[in-house]
*Asks:* 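To start, I am sharing the structure in question, which I have written as structure tokens.
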Amino acid sequence: METTNGISPDAQPISNNAHPTFREALWVWCRVAMLSFGGPAGQIAVMHRILVEEKRWVSENRFLHALNYCMLLPGPEAQQLATYIGWLLHRTVGGLVAGLLFVLPGFVSILVLSVLYAGYQDLSLVQGIFYGLKPAVVAVVIEAVIRIGKRSLKNRIMVLIAALAFVAIFFFQVPFPLIVLAAAMVGYAGGRLWPDTFVVIKGHATKNDEPNQHVIADDHTVAVRPSLKRTLGVLVVWLLIWFLPIAGLLSFSGSNSVYSQESLFFSKTAVVTFGGAYSVLAYIAQEAVETHHWLGPGEMLDGLGMAETTPGPLIQVVQFVGFMGAYRNPGELHPMLAGVIGSVVTTWVTFVPCFLWIFLGAPYIEYLRRNPSLNAALSTITAAVVGVVLNLSIWFSLHTIFGKVSETHAFGAKILIPNFATLDLAALIIATAAFVAMFRFKTGMISTLGLSAVIGLIWFLIRG
């Protein structure tokens with residue numbers, strides 16, 4: 001039997017914290033959404049700080065366990081992580097609210113920017129608003145790497161795996177799914193041979209663990225059990241939610257309309273976006289410019305700039321592509337209205353699959369959480385993820401603090417070389433100040449980001 005919050009009475013954890021009400025969780029998810037800058041690394045850092053450390057709603061192991069599953073899925077891992085934890089707290093409704101709110105601020109921001117871009121081609125004021133946020137997010141991302149690293153790199157083997165993952169993706173561009181697969185295989189084998197070394201993320205609390213302090217703790221049992229009936233039900237419901245609108249577009253506007261083409265094209269990209277948005281953006285840009293003529297040359301970079309400086313997943317850049325494609329092929333509609341419809345269609349088919357993956361797979365992942373071999377595989381995946389997040393952190397930092405970063409190749413490796421003549425001193429100062437404020441003086445994240453945004457806007461306007 002489930003209570004109103006979706007957790008059976010005998011499944012409640014022994015915790016010093018009361019289970020959050022849906023209203024409490026709603027406001028926290030709003031806060032997470034408004035602070036979700038900096039790509040997946042920054043967004044994961046925000047959720048870790050708020051949900052694990054501040055609110056103590058989910059334990060470290062459960063957070064990393066959910067993150068590992070989300071890293072295996074196509075689509076934006078941070079949005080899927082929010083959906084997963086929302087589901088843990090308040091079942092399907094909680095997952096829907098967490099996932100939708102995570103997308104909403106970015107959707108609204110990029111819609112407004114797309115209208116301004118199409119109508120006026122001038123985003124200088126908007127760029128000024130977000131100028132100070134990006135360097136401050138650098139500090140948030142670095143903090144996330146340090147905190148997650150301390151908790152997951154418990155021995156030399158885990159440190160080695162993290163280092164190898166970093167070298168593989170940063171220098172040799174090894175696809176992220178291959179890194180995850182290799183880490184999982186090493187962890188599975190290592191867990192059978194040396195379980196004490198490889199089982200770092202435990203599926204349940206042990207007698208040596210600290211007293212339970214989290215709502216969703218290590219020994220918390222999820223009430224939803226996986227079953228064939230539930231699996232088929234989830235599949236039917238979410239496939240209908242995904243494809244019924246596409247069928248309607250094909251029926252009413254025809255297969256040659258821009259809306260039908262966008263719905264089919266971005267449905268396809270939604271299931272192949274492994275390893276983050278950058279892994280598929282080159283393909284999207286090529287198709288949008290050369291095949292469909294939705295964008296002009298160079299406009300993909302303008303859209304990417306919008307996505308990088310607004311809250312929400314980086315893959316939200318596809319919304320800009322959808323807007324501009326429909327704006328330039330409006331048919332009988334007003335171009336702006338057509339652009340809005342294109343934005344909605346593109347966003348719908350991009351994010352609906354994310355809810356399908358979570359609601360379909362989460363009960364199985366939770367059910368298998370106590371499996372030692374699975375936990376060993378997930379432990380090594382977590383170590384590899386630390387290396388991947390470090391890669392994102394360095395990439396994001398270089399492109400935030402330097403105006404130009406070039407590439408050189410040696411012995412098959414790609415090396416990023418910043419042009420020190422393009423050093424943005426103001427961005428470096430803001431990033432350093434934010435880092436000192438958060439680490440030395442323990443300043444809150446909201447205060448740090450807010451003050452950085454104000455300073456950045458003032459400097460941007462003074463600089464002209």
*Asks:* Tell me yes or no: between the side chains of T382 and S379, is some donor less than 3.5 Å from an acceptor?
*Replies:*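 Not at all, the side chains of T382 and S379 share no donor-acceptor pair under 3.5 Å.
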*Asks:* Heavy atoms, side chains only, cut-off 4.5 Å: are M158 and F198 in contact?
*Replies:*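 In short, these two side chains touch, coming nearer than 4.5 Å.
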*Asks:* Considering all heavy atoms of both residues, which atom of R328 and which atom of P330 are nearest to each other, and what is their separation?
*Replies:* C-CD, 3.4 Å
*Asks:* Do S263 and S260 pass the side-chain hydrogen bond (donor to acceptor under 3.5 Å, both in side chains) test, and can you show the C-alpha distance, the side-chain angles, and the key distance before you say yes or no?
*Replies:* CA-CA 5 Å; S263 66; S260 298; 5.2 Å; no
*Asks:* Does the side chain of P20 reach to within under 4.5 Å of the side chain of L89, using non-hydrogen atoms?
*Replies:*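 With C-beta onward as the side chain, the pair touches.
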*Asks:* Report yes or no: does T422 contribute a side-chain atom to a donor-acceptor pair with the main-chain N or O of N419 at less than 3.5 Å?
*Replies:*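 Flag set: sc T422 to bb N419 pair under 3.5 Å.
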*Asks:* Does the side chain to side chain contact (heavy atoms under 4.5 Å, CB included) test come out yes or no for V386 and L390, once each step is laid out?
*Replies:* CA-CA 6 Å; V386 173; L390 178 60; 5.6 Å; no
*Asks:* Parallel, tilted or perpendicular: which one describes the rings of F63 and H48, with boundaries at 30° and 60°?
*Replies:* perpendicular
*Asks:* How many angstroms lie between atom CG of L72 and atom CG of L67, to the nearest 0.5 angstrom?
*Replies:*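 The CG atom of L72 sits 9.5 Å away from the CG atom of L67.
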*Asks:* Measure the CG-CG distance between N256 and N329 for me, rounded to the nearest 0.5 Å.
*Replies:*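 CG of N329 is found 11.5 Å from CG of N256.
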*Asks:* Walk me through whether Y69 and L81 qualify under side chain to side chain contact (heavy atoms under 4.5 Å, CB included).
*Replies:* CA-CA 9 Å; Y69 173 59; L81 178 61; over 6 Å; no
*Asks:* How many angstroms lie between atom CZ of F243 and atom CG of L249, to the nearest 0.5 angstrom?
*Replies:*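 Going from the CZ atom of F243 to the CG atom of L249 covers 13.0 Å.
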*Asks:* Using modelled atom types only, decide if a donor and an acceptor are shared between the side chain of N391 and the backbone of F166 within a distance under 3.5 Å.
*Replies:* no
*Asks:* For residues Q43 and Q79, determine if any side-chain heavy atom of one lies less than 4.5 Å from a side-chain heavy atom of the other.
*Replies:* no
*Asks:* So how far is it from I381 CD1 to Y188 OH, rounded to the nearest 0.5 Å?
*Replies:*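 Answer for the CD1-OH pair, I381 versus Y188, is 13.0 Å.
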*Asks:* Between Y327, Y117, F107, which is the residue that forms a ring pair (Phe, Tyr, Trp, His ring centres under 6.0 Å) with F320?
*Replies:* Y117
*Asks:* Which side-chain N or O atoms in residues 399-411 pair as donor and acceptor under 3.5 Å with protein atoms at least two apart or in another chain?
*Replies:*
{"unit_1": "H399", "atom_1": "ND1", "unit_2": "W395", "atom_2": "O", "d": "2.9"}
{"unit_1": "T400", "atom_1": "OG1", "unit_2": "F396", "atom_2": "O", "d": "2.7"}
{"unit_1": "S406", "atom_1": "OG", "unit_2": "I417", "atom_2": "O", "d": "3.2"}

*Asks:* CG/L101 to CH2/W27 distance, rounded to the nearest 0.5 angstrom?
*Replies:* 10.0 Å
*Asks:* Side-chain contact, heavy-atom cut-off 4.5 Å: N375 with H65?
*Replies:* yes
*Asks:* On the 0 to 90° scale, with breaks at 30° and 60°, tag the W294-H292 ring pair as parallel, tilted or perpendicular.
*Replies:* parallel
*Asks:* Taking the side chain from S447 and the backbone from T443, do they hold a donor-acceptor pair closer than 3.5 Å?
*Replies:* no
*Asks:* If we only count heavy atoms from C-beta on, is the W194 to I157 side-chain gap below 4.5 Å?
*Replies:*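 Counting from C-beta outward, W194 and I157 never come under 4.5 Å.
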*Asks:* Between Q319 (side chain only) and T346 (backbone N and O only), is there a donor and an acceptor less than 3.5 Å apart?
*Replies:* no
*Asks:* Restricting to non-hydrogen atoms, name the atom on A78 and the atom on M47 that form the minimum distance, rounded to 0.1 Å.
*Replies:* O-CE, 3.2 Å
*Asks:* Using a strict threshold of under 4.0 Å (side-chain N to carboxylate O), is an ion pair present between E54 and R31?
*Replies:*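 A salt bridge is present here (some side-chain N lies under 4.0 Å from a carboxylate O).
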*Asks:* Side chains of I365 and Y84, heavy atoms from C-beta outward: is any pair under 4.5 Å?
*Replies:*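 Answer yes - side chains close enough.
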*Asks:* Can you see which heavy atom on A431 is nearest to which on A139, and at what distance?
*Replies:*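 Here A431 and A139 meet closest at O-CB, 4.0 Å.
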*Asks:* Is there a side-chain contact between I169 and Q173 (heavy atoms, below 4.5 Å)?
*Replies:* no
*Asks:* For F172 and G412, work out which heavy atoms get closest and say how close.
*Replies:*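 Looking at all heavy atoms of both residues, the closest pair is CD2-O, 3.4 Å.
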*Asks:* Determine the minimum heavy-atom distance between I241 and P245, stating which atoms define it.
*Replies:* O-CD, 3.2 Å
*Asks:* Determine the minimum heavy-atom distance between A183 and T380, stating which atoms define it.
*Replies:*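 For A183 versus T380, the nearest heavy atoms are O-OG1, 2.6 Å.
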*Asks:* Around W348, counting heavy atoms of other residues, nucleotides and ligands shown, do more than 12 lie under 6.0 Å from its CH2?
*Replies:*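 No, CH2 of W348 has 12 or fewer neighbouring heavy atoms, counting only those of other groups under 6.0 Å.
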*Asks:* Can you find a side-chain donor-acceptor pair between T92 and W87 that sits under 3.5 Å?
*Replies:* no
*Asks:* Before accepting this row, confirm whether a basic side-chain N of the pair E60/K150 lies closer than 4.0 Å to the acidic partner's carboxylate O.
*Replies:*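 A salt bridge is absent here (no side-chain N lies under 4.0 Å from a carboxylate O).
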*Asks:* Decide whether E77 and Q80 meet the rule of one side-chain donor and one side-chain acceptor closer than 3.5 Å.
*Replies:* no
*Asks:* What's the verdict on side chain to side chain contact (heavy atoms under 4.5 Å, CB included) for F355 and L96, showing C-alpha distance, side-chain angles and the deciding distance?
*Replies:* CA-CA 7 Å; F355 293 99; L96 281 172; 4.0 Å; yes
*Asks:* Do the side chains of I284 and F266 get nearer than 4.5 Å, heavy atoms only?
*Replies:* yes
*Asks:* Sub-3.5 Å donor-acceptor pair from the side chain of S257 to the main-chain atoms of G254, do we have one?
*Replies:* yes
*Asks:* Is it the case that over 12 heavy atoms from other parts of the model lie below 6.0 angstrom from the CE atom of M336?
*Replies:* yes
*Asks:* Decide yes or no on side chain to side chain contact (heavy atoms under 4.5 Å, CB included) for V349 and L264, but give the supporting numbers first.
*Replies:* CA-CA 8 Å; V349 299; L264 292 173; over 6 Å; no
*Asks:* About how many Å separate CH2 of W29 and CZ of F102, when rounded to the nearest 0.5 Å?
*Replies:* 9.0 Å
